[in-house]
Novice: 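I am attaching a structure below and will ask some questions about it afterwards.
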2 protein chains.
Amino acid sequence: MAEVDRSVSQTVKAQLALRDQILSGSLRPGERISELQAVETTGASRTPVRMALVRLEEEGLLEAIPSGGFMVKAFSERDISDSIELRGTLEGLAARFAAERGVSARELEPLKECLAAIDELLRQVPISIEAFSSYVALNARFHALLTELSRSPPLVRQIDRASALPFASPSGFVMAQSALPEAQQILIIGQEHHRVVIDAIENREGARAEAIMREHARLAVRNLRLALRNRTHLDLLPALALIKTATD
Amino acid sequence: MAEVDRSVSQTVKAQLALRDQILSGSLRPGERISELQAVETTGASRTPVRMALVRLEEEGLLEAIPSGGFMVKAFSERDISDSIELRGTLEGLAARFAAERGVSARELEPLKECLAAIDELLRQVPISIEAFSSYVALNARFHALLTELSRSPPLVRQIDRASALPFASPSGFVMAQSALPEAQQILIIGQEHHRVVIDAIENREGARAEAIMREHARLAVRNLRLALRNRTHLDLLPALALIKTATD
DNA sequence: CGAATCAATATTGTATACATTTTATCACGA
DNA sequence: TCGTGATAAAATGTATACAATATTGATTCG
């Protein structure tokens with residue numbers, strides 16, 4: 001038998017490999033995933049592969065076929081924009097909880113560091129691909145930290161689950177790569193939202209904190225729509241394969 | 001080998017059996033679930049049991065132990081009230097989508113039937129246990145139908161996931177069984193909310209539809225708090241075992 | 001020529017054996 | 001007495017064999 005990597009479990013290995021295949025477009029939406037094939041491509045045996053498939057189904061990337069097995073789920077453009085709005089709604093709740101329940105200055109520090117780091121990146125005009133890549137990571141970190149401030153494990157969990165689709169979606173990447181004039185402007189507006197939400201939480205203004213996160217999500221939706229109207233570089237983005245060609 | 005029920009898959013059978021054990025309190029929060037033991041109690045073999053465990057973990061009832069295996073998750077009172085508010089927030093979004101996207105009279109019909117049926121039940125003063133049981137079913141149906149009106153599969157999916165905890169929680173049952181004077185009053189207020197949300201959707205008032213569903217959730221939270229202050233009949237409600245005794 | 005049926009094949013569902021890791025127990029020594 | 005270490009038991013992680021089901025293709029009949 002082939003060498004096995006003992007550092008991570010076979011189940012996790014299979015899950016990561018399969019998710020990669022889905023997000024990279026090796027497996028097309030609607031396509032049935034054969035366990036045997038998955039066993040060959042992931043190197044794990046059938047049991048961990050099956051566990052990975054169940055997890056990916058729960059994650060929302062796969063869909064169970066009634067007669068047995070799984071297929072790659074297909075998403076419409078609206079499915080993705082709804083998911084973004086959904087996530088924004090939950091993040092709004094998290095921001096409100098944070099504001100209402102109170103947050104110490106010490107807890108806000110990492111958020112502010114993120115903010116400053118993003119400011120630094122956005123000073124570049126136009127922003128480079130490398131800088132944009134850093135931006136994506138920092139932005140994700142900011143949102144994760146903000147979510148944690150809610151001190152609500154169930155909410156954190158839900159937001160994590162709700163993030164699968166928005167993150168698999170290509171909105172930000174497309175914007176950057178298509179080098180639209182709007183791209184940088186949208187990032188700057190988003191950063192302003194970040195600044196406001198921190199201010200609202202500091203001043204314990206729950207309603208304002210919530211409202212700005214929902215606005216933030218609506219910005220992301222507009223971002224996605226704009227990106228999809230300018231599909232120049234879309235084939236560079238395999239994640240987009242998730243989007244059904246014939247959308248509603 | 002023992003007889004096997006071929007009408008449902010072993011995986012589903014195991015999942016249902018285990019969920020029953022958790023919700024009925026046979027398995028206490030924090031307790032490790034032994035696969036071998038689960039195999040004995042469910043009648044399925046280890047493979048389907050493991051799949052069921054993974055599903056229940058994703059469902060939020062179990063927690064993975066780092067060193068391996070799963071344990072029953074414990075929830076604080078605040079975890080549950082947060083989950084109720086979270087669900088209300090998502091239902092608010094669903095109601096807003098429904099209002100904004102438009103709903104035909106034909107689609108609203110089953111909702112109105114639910115409404116009328118609940119009205120009929122609430123005419124009893126005080127409400128009987130049997131009637132209350134019907135109420136619970138009708139109420140769940142109303143919420144499910146309302147969710148569907150959003151025409152957003154990702155949102156419907158998220159709401160389903162967010163419902164696990166609120167439904168496992170004992171709020172309504174405790175209220176009814178403890179026969180508090182407030183119990184019936186709360187049901188009546190809730191019914192009023194149902195009426196308002198339908199009206200708002202019919203008139204395409206998204207903001208109002210959303211607001212009322214969030215208020216509806218806050219009512220449920222007050223209901224839960226009230227119930228937990230009057231723990232007279234709590235031991236009748238095994239689902240409550242989910243709540244940690246030492247809450248924050 | 002098309003549709004239906006049956007057989008062959010492939011794939012999933014289930015069970016179990018094996019390997020590895022974790023955990024409990026006990027003995028020994030400080 | 002308490003802590004530490006080794007050993008044994010138990011539990012999980014993994015792999016694979018077997019059973020049942022679904023799918024495909026070919027053949028035959030209308």
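Here is the naming used below: chain letters follow the sequence lines, and residue numbers restart at 1 for every chain. Worth saying up front: this structure is predicted, and the values here are computed from it rather than measured. The analysis underlying the following values was restricted to heavy atoms, covering all of them including side chains, and did not include hydrogens, waters or symmetry mates.
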Novice: Select one nucleotide: of C:dT12, D:dT14, D:dT12, the one nearest the side-chain heavy atoms of A:S34.
Specialist: C:dT12

Novice: Do the side chains of A:L155 and B:D82 get nearer than 4.5 Å, heavy atoms only?
Specialist: no

Novice: Give the rounded distance in Å between these two atoms: CD of B:E31 and P of D:dA11.
Specialist: 13 Å

Novice: So do A:F70 and A:L18 actually touch side chain to side chain, heavy atoms under 4.5 Å?
Specialist: no

Novice: Rounded to the nearest 0.5 Å, how far does CD of B:Q37 lie from OG1 of B:T42?
Specialist: 10.5 Å

Novice: Is B:D79 reaching over with its side chain to a backbone N or O of B:S76, donor-acceptor style, under 3.5 angstrom?
Specialist: yes

Novice: When you measure from every atom of DNA chain C, which of residues 47-56 of chain A have a heavy atom less than 4.0 Å away?
Specialist: A:R50

Novice: If you look at every strand shown and take non-hydrogen atoms under 4.0 Å, does B:R32 touch a base, only sugar-phosphate, or nothing?
Specialist: sugar-phosphate

Novice: Would you say a side-chain N or O of A:S67 is under 4.0 Å from OP1 or OP2 of D:dT21?
Specialist: no

Novice: Provide, to the nearest angstrom, the distance between the CD1 atom belonging to A:I65 and the C1' atom belonging to C:dT12.
Specialist: 10 Å

Novice: Could you check if a side-chain atom of A:R55 sits within less than 4.5 angstrom of a side-chain atom of B:E57, using non-hydrogen atoms only?
Specialist: yes

Novice: For the pair made of CD in A:Q10 and C1' in D:dT16, what is the distance, rounded to whole Å?
Specialist: 14 Å

Novice: If I take atom CZ in residue A:R46 and atom C1' in nucleotide C:dT12, what distance separates them, rounded to the nearest angstrom?
Specialist: 6 Å

Novice: For B:R141, does the CZ atom have more than 12 heavy-atom neighbours from other residues, nucleotides or ligands under 6.0 Å away?
Specialist: no

Novice: Rounded to whole angstroms, how far apart are CD on B:Q15 and C1' on C:dG13?
Specialist: 15 Å

Novice: Taking the minimum atom-to-atom distance to the side chain of A:E35, which one of C:dA17, C:dG13, D:dA15 wins?
Specialist: C:dG13

Novice: Between the main-chain N or O of B:S150 and the side-chain N or O of B:R101, is there a donor-acceptor pair closer than 3.5 Å?
Specialist: yes

Novice: Under 4.0 Å between a side-chain N/O of B:T11 and OP1 or OP2 of C:dT14, yes or no?
Specialist: yes

Novice: What integer distance in Å separates B:L36:CG from D:dA9:C1'?
Specialist: 13 Å

Novice: With a 4.0 Å cut-off on heavy atoms, is A:I33 in touch with a base, just the backbone sugar-phosphate, or nothing at all?
Specialist: sugar-phosphate

Novice: Specify the residue among A:G68 and A:A44 whose closest nucleotide of DNA chain D lies further upstream toward the 5′ end.
Specialist: A:A44

